[in-house]
Amino acid sequence: MELTSLNAGYACINLSLQPDKITTNRGMIKKTFTEKGLPYASELALKNVQDLLKIVDWNIEHGFRLFRISSDLFPWASEYRIATLPDYADIRETLEEIGSRPIRLTLHPGPFNQLAGQGRVLDNTLIDLEHQSELFDLMGLKPSHWNKINIHVGGTYGDKIATLARFAKNFSLLSENLRARLTVENDDRQSLYTVTDLLILHETIGIPIVFDYFHHSLNPGQLTEEDAFMTAYNTWDVRPVFHFSDSRREHEDPTARREAHADWLYSPVNTYGKDVDIVFESKMKELAIVRLRGGA
DNA sequence: GGATGTCAAGGAGAT
DNA sequence: ATCTCCTTGACATCC
């Protein structure tokens with residue numbers, strides 16, 4: 001593994017700081033939100049954001065220049081505008097501080113986002129994605145794929161081609177800033193989207209493709225890893241962010257689901273001579289990368 | 001404090 | 001019909 005030739009990052013959780021209760025995904029169930037409302041949502045959001053700043057600074061001190069932030073910083077974000085929160089001033093100040101740090105931040109909103117959906121499903125997707133984009137706006141980050149907001153296309157609704165066309169059509173409903181940030185990732189199951197499928201989207205709306213090595217190994221379509229890598233690589237207008245993880249079934253637990261990610265990292269990453277950033281999606285988070293570096 | 005049942009959202013696959 | 005998973009288990013309640 002040549003970690004020196006690429007920028008390594010990880011996703012959402014920092015295990016080194018967790019014992020100190022530094023975490024960014026405080027939330028609540030519906031009942032509590034109904035009972036406690038905006039003031040409590042604001043309190044949790046402020047704590048999440050303040051801890052995000054601590055995690056970002058930890059990353060910089062430890063040589064990480066890439067980090068995927070949690071898409072659950074704001075509990076029940078779909079139910080209010082950020083600016084209406086009681087702690088908005090503090091939240092905004094902290095977000096600006098985070099945005100000023102020398103690190104590439106990305107987002108990966110959840111599987112409920114179905115940009116090819118219709119009706120209420122599409123409405124909910126637009127609300128969530130615009131919220132995530134607003135976070136980057138508040139951080140003062142210029143809209144570009146440098147700070148990607150990455151999603152999967154989602155369901156196929158029994159017709160991949162028609163669904164991809166709907167995705168492209170609904171893409172035009174997004175704000176300019178969000179359109180400048182959005183990327184799509186290849187899926188791990190045969191019924192879903194390969195790099196080749198996503199290339200159609202890139203050709204129609206210019207959206208870059210995030211290449212996930214592990215997903216490709218489970219759902220390669222007709223492409224070799226190198227072909228898929230290069231196909232995705234050529235869709236980017238800035239240095240790409242790709243995803244890597246190892247198979248839990250293959251390396252740690254033969255009974256695990258084939259899609260399950262391993263706790264640690266085992267395989268070399270081939271970047272085919274290109275300069276890319278990689279988010280390592282191993283369950284042991286930054287510890288897996290630190291172990292590879294041979295550091296303590 | 002620790003154990004346990006529960007938890008917004010969409011879709012796909014397994015049981 | 002019901003459950004589990006997904007980018008990341010955490011929350012609420014009971015003992």
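All chains are named by letter (A, B, ...) in the order of the sequence lines, taking the proteins before the strands, and each is independently numbered beginning at 1.
Considering only side-chain N and O atoms, A:R257 lies nowhere under 4.0 angstrom from the phosphate OP1 or OP2 of B:dA14. Listed pair A:T156 / B:dG11 fails the phosphate criterion, with no side-chain N or O lying under 4.0 Å from OP1 or OP2.
Taking the six-membered ring wherever Trp is involved, the centroid distance between the rings of A:F74 and A:H131 falls below 6.0 Å. Aromatic rings of A:F280 and A:F244 (six-membered ring for Trp) have centroids within the 6.0 Å cut-off, being under it. The ring of A:F211 has its center closer than 6.0 angstrom to the ring center of A:H216.
Remark: A:R258 CZ to A:D188 CG distance equals 7.5 Å, nearest 0.5 Å. Atoms CG and CG, from A:L173 and A:L115 in turn, are 7.5 Å apart once rounded to the nearest 0.5 Å. If you take OG1 on A:T204 and CZ on A:F171, they are separated by 9.0 Å, rounding to the nearest 0.5 Å.
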Contact letters for nucleotides 7-15 of chain C, in which S counts primed atoms plus P, OP1 and OP2 and B counts the base, heavy atoms under 4.0 Å | BB-SSSS--
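Spacing between atom OH of A:Y157 and atom P of B:dG13 amounts to 14 Å, rounded to whole angstrom units. Taking atom CZ on A:R189 and atom P on C:dC5, their separation rounds to 12 Å, with Å as the unit. One can place CG of A:L192 at 14 Å from P of C:dC6, the figure rounded to the nearest angstrom. Computed from coordinates, the A:D187 CG to B:dA12 P distance equals 11 Å when rounded to whole Å. Distance, A:L115 CG to B:dG11 C1': 15 Å, rounded to whole Å. The distance between atom CG of A:D159 and atom P of B:dG11, rounded to the nearest whole Å, is 15 Å. A straight line from CG of A:L218 to C1' of B:dA12 spans 15 Å, rounded to a whole angstrom.
Remark: the separation of the P atoms in C:dA10 and B:dG10 is 23 Å, to the nearest Å. Using atom C1' as the reference point in both B:dA8 and C:dC6, the two lie 15 Å apart (nearest Å). Only the C1' atoms considered, C:dT4 is 16 Å distant from B:dA9, to the nearest whole Å. With P as the reference atom, C:dT8 and B:dC7 are 23 Å apart, rounded to whole Å. Across C:dC5 and C:dG9, the matching P atoms stand 11 Å from one another, rounded to whole Å. Spacing of P atoms, C:dT2 relative to B:dT6, comes out at 15 Å, to the nearest Å.
Classification of the A:H108-A:H152 ring pair by plane angle, with boundaries at 30° and 60°, yields parallel.
Closest to the A:Q114 side chain, of the nucleotides B:dG10, B:dG13, B:dA8, is B:dG10.
Partner of A:T106 under the side chain to side chain contact (heavy atoms under 4.5 Å, CB included) criterion, chosen from A:N150, A:N147, A:L66: A:L66.
Heavy-atom distances under 4.0 Å link DNA chain B to A:R120, A:V121 of residues 118-127 of chain A, given in residue order. The stretch residues 139-148 of chain A does not touch DNA chain B, since none of its heavy atoms comes less than 4.0 Å from the strand.
Nearest heavy atoms, A:D187 versus A:N219: O-ND2, 3.3 Å.
Dense packing is recorded around CD of A:E96, with more than 12 heavy atoms of other residues, nucleotides or ligands lying under 6.0 Å away.
With 3.5 Å as the limit, one finds no donor-acceptor pair spanning the side chains of A:D246 and A:H261. Checked by atom type, the side-chain pair A:N25/A:T23 shows a donor-acceptor distance below 3.5 Å.
Here salt bridge (Lys or Arg N to Asp or Glu O under 4.0 Å) pairs that include residues 9-35 of chain A, with residues two or more places apart or in two chains, are A:R26-A:D51.
Listed by chain and residue number, A:F229, A:M230, A:P240, A:F242, A:K274, A:V276 satisfy the side chain to side chain contact (heavy atoms under 4.5 Å, CB included) test with A:Y233 (two or more places apart in sequence, or in another chain).
DNA chain B contains the following stems of three or more consecutive Watson-Crick or G-U pairs, with both distances under 3.5 Å: B:1-7 with C:9-15, B:10-15 with C:1-6.
Salt-bridge formation is not detected for the pair A:D137/A:K142: no Lys NZ or Arg NE/NH1/NH2 atom is positioned less than 4.0 Å from an Asp or Glu carboxylate oxygen.
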